[in-house]
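The next block holds one structure in the form of structure tokens; read it before the comments.
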Protein chains: 2
Amino acid sequence: NISTMEECKSKKLTLGEPQLAYDGKWLKYYNVPFTSENGKEGIWEVCGKFPPKMKTSEGSDAPAETPKFGGVIIFPIATDPETNEKIILVEKIFRIPVQKYCIELPAGVRDPHEFDATVTALRELKEETGYIGQNPRVTSVVRSDPWKSTASHAQVFVDVDLTLPENQNPVAELEADEDITPMWLKVKTLKTELESLAKELDADIDQRVYAWALGISRFL
Amino acid sequence: NISTMEECKSKKLTLGEPQLAYDGKWLKYYNVPFTSENGKEGIWEVCGKFPPKMKTSEGSDAPAETPKFGGVIIFPIATDPETNEKIILVEKIFRIPVQKYCIELPAGVRDPHEFDATVTALRELKEETGYIGQNPRVTSVVRSDPWKSTASHAQVFVDVDLTLPENQNPVAELEADEDITPMWLKVKTLKTELESLAKELDADIDQRVYAWALGISRFL
């Protein structure tokens, strides 16, 4: 649909072809030339696993069925069998870029053969925490840090039934470079739970789980 | 405090010195060597405006008073004078990395002389939207994408009084490369407001405002 394509172009900026500036093993770094309305020329720096948005099927090499999510963010929700309260599974994970433990939602990158975010979410949840999830619900695909990154994530809510036999002694399948510990926190008081845990562990909190917690607490 | 420093080191990973791999104008790329518990050696790729966490005042060049936030994410909250409902100011902003408009919270980078996130938040809000904010409240500093990035943001809630004379005809001070349009959305129904607006504008939604909206809507 050409009119839609036109609408999503910037009214103020004209872009040139992205130039690969540095090709890491995982991350790629691009310079994107732009010209502003008043003729100012510049370069925008972009980082990501993927190049700046490929042309869509209107005129390009990317197949029409290319999934629009590069990864998933998982919200694993359970009912505490003892208290009957809603709880959410977060991870204490050591992050080399910040050289510190962070408290985050489980997450992961799409495998090339995965075209359905619910498949990626259930697989990553099992690998990272050992838990078997059910009833995955995908919300809109979102942008993680569109200022500098091409990353996109499907947000997938997953139920975890803690009464199931297979969820009694969950065993993660971690890589040697993954230092991850799953932890259940109460949904209702998630903001203060996160803050207490971060202080106790000298950890930082990821913005996405914290923003959700702020919403839950009606923090205004 | 040495014991705290020890605790925040990974139990499974030993890190080497970050090596600058590519030095862009804004973004820098680092390779961080690591060795895992079982002797596996590898390189972790890191991207950000800042290098991987500098040593703290326990033994380094970074002054003790260095602020721990690299930028701010702003939640500008107002009461609609007509309906008396809570509303939040978001931005439609063209993002070169994703080559599309995104719907995001106002945000910005700390100026070198700014040591208080509320100062950065009020300045950026005025520059990007023209609105004068009041009563800034800072929540925990959070990590935006600690998988690959050194970025950290203070989340600052700001009241905007729409009855003030100075907020009647707000004028932004945009750079030539900024294509930003502020828009007010209802807090109570933010999730559906964001989804409708994204569809209407063929825009993507930023993960942080969407996660907050999911929390507000009690989406589980």
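Chain letters run A, B, ... following the sequence lines, proteins first and then strands; every chain starts at 1. The analysis underlying the following values was restricted to heavy atoms, covering all of them including side chains, and did not include hydrogens, waters or symmetry mates.
- Looking at B/Glu178, the atoms closer than 4.5 Å to chain A (heavy atoms on both sides) all sit in the backbone: N, CA, C or O.
- With a 4.5 Å cut-off on non-hydrogen atoms, A/Ala213 does not touch chain B at all.
- Highest contact tally toward chain A, considering only B/Lys191, B/Gln155, B/Glu195, is held by B/Gln155 [criterion: heavy-atom pairs under 4.5 Å].
- Taking 4.0 Å as the cut-off between side-chain N and carboxylate O, B/Asp206 and A/Arg143 do not count as a salt-bridged pair.
- Both the backbone and the side chain of A/Lys25 come within contact range of chain B, with heavy atoms under 4.5 Å apart.
- For a residue to count as touching a neighbouring chain, one of its non-hydrogen atoms must lie under 4.5 Å from one of that chain's; by this rule A/Lys92 touches chain B with the side chain only.
- Between chain A and the options B/Gly39, B/Ala198, B/Ser217, B/Pro146, heavy-atom pairs under 4.5 Å are most frequent for B/Pro146.
- Here the side chain of A/Asp179 pairs no donor or acceptor atom with the backbone of B/Ser10 at under 3.5 angstrom.
- Chain B forms more heavy-atom pairs under 4.5 Å with one residue of A/Val32, A/Leu220, A/Ile205, A/Val46 than with any other, namely A/Leu220.
- A donor-acceptor pair is defined here as one N or O able to donate and one able to accept, closer than 3.5 Å; no such pair exists between the side chain of A/Tyr29 and the backbone of B/Asp23.
- Highest contact tally toward chain B, considering only A/Asp145, A/Val142, A/Asp159, is held by A/Val142 [criterion: heavy-atom pairs under 4.5 Å].
- Of the listed residues B/Thr35, B/Ile103, B/Leu190, B/Thr139, the one with more heavy-atom pairs under 4.5 angstrom with chain A than any other is B/Thr139.
- Residue contact with chain B, scored on non-hydrogen atoms closer than 4.5 Å, involves the side chain of A/Ile77 exclusively.
- Note that CD of A/Gln207 and OG of B/Ser152 are 9.5 Å apart. Values are rounded to the nearest 0.5 Å.
- Heavy-atom distances place no part of B/Tyr30 under 4.5 Å from chain A, backbone and side chain included.
- Between B/Pro97 and A/Trp44, the closest side-chain pair of non-hydrogen atoms falls below 4.5 Å.
- Within the 4.5 angstrom heavy-atom criterion, no atom of B/Val209 approaches chain A.
- No side-chain heavy atom of A/Asp204 sits less than 4.5 Å from a side-chain heavy atom of B/Val141.
- Relative orientation of the A/Phe157 and B/Phe219 rings is perpendicular, given thresholds of 30° and 60° on the angle between their planes.
- Contact check on B/Lys40 versus A/Asp177 returns a salt bridge, with a Lys/Arg side-chain nitrogen under 4.0 Å from an Asp/Glu carboxylate oxygen.
- With a 4.5 Å cut-off on side-chain heavy atoms, A/Lys12 and B/Phe94 do not count as touching.
- For B/Glu45, the parts lying near chain A are the backbone and the side chain together; criterion is any non-hydrogen pair under 4.5 Å.
- Of the two parts of B/Leu15, only the side chain, counted from C-beta on, holds a non-hydrogen atom closer than 4.5 Å to a non-hydrogen atom of chain A.
- A/Cys102 touches chain B through its side chain: at least one heavy atom from C-beta onward sits under 4.5 Å away, while N, CA, C and O do not.
- Contacts of A/Ile73 with chain B are made by side-chain atoms alone, with heavy-atom separations under 4.5 Å and no backbone atom involved.
- Separation of atoms NZ (B/Lys86) and CZ (A/Arg218) is listed at 12.5 Å; rounding is to 0.5 Å.
- For the residue pair A/Leu27 and B/Cys47, the shortest heavy atom distance occurs at CD1-CB, 4.2 Å.
- For the pair A/Arg95 and B/Trp147, the minimum side-chain heavy-atom distance is below 4.5 Å.
- Between the B/Arg208 side chain and the A/Trp212 main chain, no donor and acceptor come within less than 3.5 Å of each other.
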Self-check item: Verdict with reasoning, B/Lys148 to A/Ser149, per side-chain contact (heavy atoms from CB on, under 4.5 Å)
Solution: CA-CA 10 Å; B/Lys148 69 172 183 295; A/Ser149 171; 3.2 Å; yes

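- Both the backbone and the side chain of B/Ala21 have a heavy atom closer than 4.5 Å to some heavy atom of chain A.
- With a threshold of 4.5 angstrom between heavy atoms, B/Asn38 approaches chain A through side-chain atoms but not through N, CA, C or O.
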